[in-house]
2 protein chains.
Amino acid sequence: MDDARILVVDDDKEIAGAIEKLLNLEGYEVIKAYNGLEALDAIVANNIQLILLDIMMPKLDGLSTTLKIRESKNIPIIILSAKSEDSDKILGLSMGADDYITKPFNPQELTARVRSQLRRYLQLGGMGKALCSSQVVIGGLCLDTDKKQLMVDGDLVRLTAKEYKILELLMSNPGIVFSAERIYEAVWNESAYSVENTVMVHIRRIREKIEINPKEPNYLKVVWGIGYKIEKL
Amino acid sequence: MDDARILVVDDDKEIAGAIEKLLNLEGYEVIKAYNGLEALDAIVANNIQLILLDIMMPKLDGLSTTLKIRESKNIPIIILSAKSEDSDKILGLSMGADDYITKPFNPQELTARVRSQLRRYLQLGGMGKALCSSQVVIGGLCLDTDKKQLMVDGDLVRLTAKEYKILELLMSNPGIVFSAERIYEAVWNESAYSVENTVMVHIRRIREKIEINPKEPNYLKVVWGIGYKIEKL
DNA sequence: TATATTTGTTAAGAATTTTTTAAGAATTTC
DNA sequence: GAAATTCTTAAAAAATTCTTAACAAATATA
């Protein structure tokens, strides 16, 4: 839990500084940004574990920044704003924020909420790290998530968009079993009420591309009645 | 994967009912409890994904209940209380709660916070299991709830879907006795009017896989006339 | 527009799991 | 101790889940 790096975003430098001091006392490392655009840059440049985000800011406001961050990252976001109306809270949370604190805030409440969010996030294995390296290697498979390319034993293998997304999901979580529904929801981005065997057919096609013998897969294995997984070697 | 199941704990049945209706409208399944002890029972018996917990309750209050739940489970807990003082918020969060809503609450804020917590929790596949370690260890048994795998004395043992679910139920609640009916209802997700010996046959097969001598089981024991349990070591 | 490529659907059959059945063993109750 | 109940076990029947191939539909590319 210690050593977490927190990004504080507020156009009021006095407030940002005060929060920095408060968090430093708790043992956190703080990076500051004074508007949404700076915040986005800071996230790319640093390994951030939590974001404290003001709503009213020049250039790019807090809500838009939240949306932008959520396109790619899953870091906890606590919105911090003077607007105390409920509608703003709801808006913030539905944009993808994880919590909401109204100014003026009680310093202890702030640190408590920060701790709570970090506890949960770091438990998931700090998914920020996995995103840094763009390659996932499992045995003879090497998936490059920047180039959207797969190498099988050193040879480039062409994947279609759907095949790539399924394989990325599985290879990013080796050993973990995903049901067909979950794969469908993650890859197609819509809920799967009727599970046709669409996912299964894709699995078959991926197997043809990555396995020596698709009938006896070494990598992409089925777990009967539960789902599919990539074998962790 | 069905929709999320939420446990609402409040000694005021009117409030509990109101929250139930609100959450039902959002498509969540709701289970109610009217004090902390009932809540703990409900958590064991059902597959809960989120808990809405009142603080002031008879028998076992919300803060103590939070502590108790956190001993074994990592389900998101949102504390819901009339006390609006900051000190209580901090206390709740430091006990292991994930969020805090003060009564009277705005219905939309409640559902927004519920959504927010569930989003985070369900993301890496937490289905009401212990997310912190994803492993349950009892003696030489080690059940991995992400990989849907069982290790017996270090060796991987294949389980079928039903076998896995039964064993997960029992191992997640070591020492607690489950009747065949309760196992059936929990695993098959339907009420058991006439319990054939289906469950017993599965118990037999699990024993064959985890016990040295299935006829004299060390782990999966019968409690005559009542049910089965996993011995707590 | 024509062509190639990707994606979705269908259906048959193969593999595996789950349920049923029924007989025998263990435990409790009378 | 006998009877009733509850649990164990094995095997066959039924049901489910997965694989596969071929084709149709949608989408992208030339």
Side-chain angles (χ1 to χ4, degrees), chain A residues 148 150 157-168 170 177-231, chain B residues 1 148 150 157-170 177-229:
Chain A
K148 315 287 177 196
L150 176 70
V157 169
R158 277 173 52 89
L159 291 176
T160 70
K162 289 279 179 333
E163 286 164 5
Y164 172 82
K165 281 192 176 180
I166 293 173
L167 196 55
E168 186 187 349
L170 296 177
V177 183
F178 291 83
S179 71
E181 281 101 340
R182 257 184 88 197
I183 293 174
Y184 192 90
E185 282 168 7
V187 171
W188 275 256
N189 250 333
E190 50 186 81
S191 52
Y193 10 75
S194 74
V195 182
E196 297 303 327
N197 76 349
T198 304
V199 172
M200 290 174 181
V201 172
H202 281 278
I203 293 285
R204 171 90 223 300
R205 291 184 182 140
I206 294 172
R207 277 177 174 161
E208 247 164 16
K209 293 182 178 180
I210 68 173
E211 303 283 0
I212 298 166
N213 176 10
K215 303 205 180 198
E216 285 189 15
N218 278 313
Y219 296 115
L220 212 177
K221 302 216 168 173
V222 68
V223 178
W224 260 81
I226 302 183
Y228 295 93
K229 66 170 176 179
I230 285 281
E231 195 76 88
Chain B
M1 202 180 307
K148 314 288 178 197
L150 175 71
V157 169
R158 276 170 48 93
L159 292 176
T160 70
K162 289 271 154 47
E163 286 164 6
Y164 171 84
K165 282 192 177 176
I166 293 172
L167 195 54
E168 187 189 357
L169 176 68
L170 296 178
V177 182
F178 290 84
S179 70
E181 281 98 342
R182 247 179 106 193
I183 293 175
Y184 192 91
E185 281 168 7
V187 171
W188 276 254
N189 249 335
E190 51 186 79
S191 52
Y193 4 79
S194 76
V195 181
E196 298 304 327
N197 79 348
T198 303
V199 171
M200 290 173 181
V201 172
H202 282 281
I203 293 285
R204 170 87 224 300
R205 294 200 180 120
I206 294 171
R207 277 176 173 161
E208 242 164 19
K209 293 183 179 181
I210 68 173
E211 303 284 0
I212 298 166
N213 176 10
K215 304 205 181 198
E216 285 189 14
N218 279 313
Y219 295 115
L220 212 176
K221 303 218 167 171
V222 68
V223 179
W224 260 80
I226 302 184
Y228 296 93
K229 66 169 177 179

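Chain identifiers are assigned alphabetically (A, B, ...) following the order of the sequence lines, protein sequences preceding nucleic acid strands; residue numbering begins at 1 within each chain.
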**Message:** For C/dT18 and B/W188 - does any side-chain N or O of the residue sit under 4.0 Å from the phosphate oxygens OP1/OP2?
**Reply:** no
**Request:** Examine D/dC18: is either OP1 or OP2 under 4.0 Å from a nitrogen or oxygen in the side chain of A/R204? Give yes or no.
**Result:** no
**Request:** Determine: side-chain N/O of B/H202 to OP1/OP2 of C/dT19, distance under 4.0 Å, yes or no.
**Result:** yes
**Complete:** Between CD1 of B/I206 and P of D/dT9 the distance, given in whole Å, is 13 Å
**Asked** Under 4.0 Å: is that the gap between some side-chain N or O of B/T198 and OP1 or OP2 of C/dT20?
**Response** yes
**Message:** Is the phosphate of C/dT6 approached by A/R158 (side-chain N or O, under 4.0 Å from OP1 or OP2)?
**Reply:** yes
**Asked** Is it true that A/K165 and A/E163 make a salt bridge, defined as a side-chain N closer than 4.0 Å to a carboxylate O?
**Response** no
**Request:** Return yes if some donor-acceptor pair links the side-chain N/O of B/K209 with the main-chain N/O of B/R158 below 3.5 Å, else return no.
**Result:** yes
**Item:** Side-chain-base donor-acceptor pair under 3.5 Å for B/R205 and D/dT8
**Value:** no
**Request:** Assign A/Y228 to base, sugar-phosphate, or nothing according to its heavy-atom contacts below 4.0 angstrom with the strands shown.
**Result:** sugar-phosphate
**Prompt:** Would you say A/T160 reaches C/dT5's phosphate, i.e. side-chain N/O to OP1/OP2 under 4.0 Å?
**Reply:** no
**Item:** Within-4.5 Å side-chain heavy-atom neighbours: A/K148 and A/Y164
**Value:** yes
**Asked** Would you say B/E211's side chain and B/L220's backbone share a donor-acceptor pair under 3.5 angstrom?
**Response** yes
**Asked** Ignoring hydrogens and angles, does a donor from either the side chain of B/N197 or the base of D/dT9 sit under 3.5 Å from an acceptor on the other?
**Response** yes
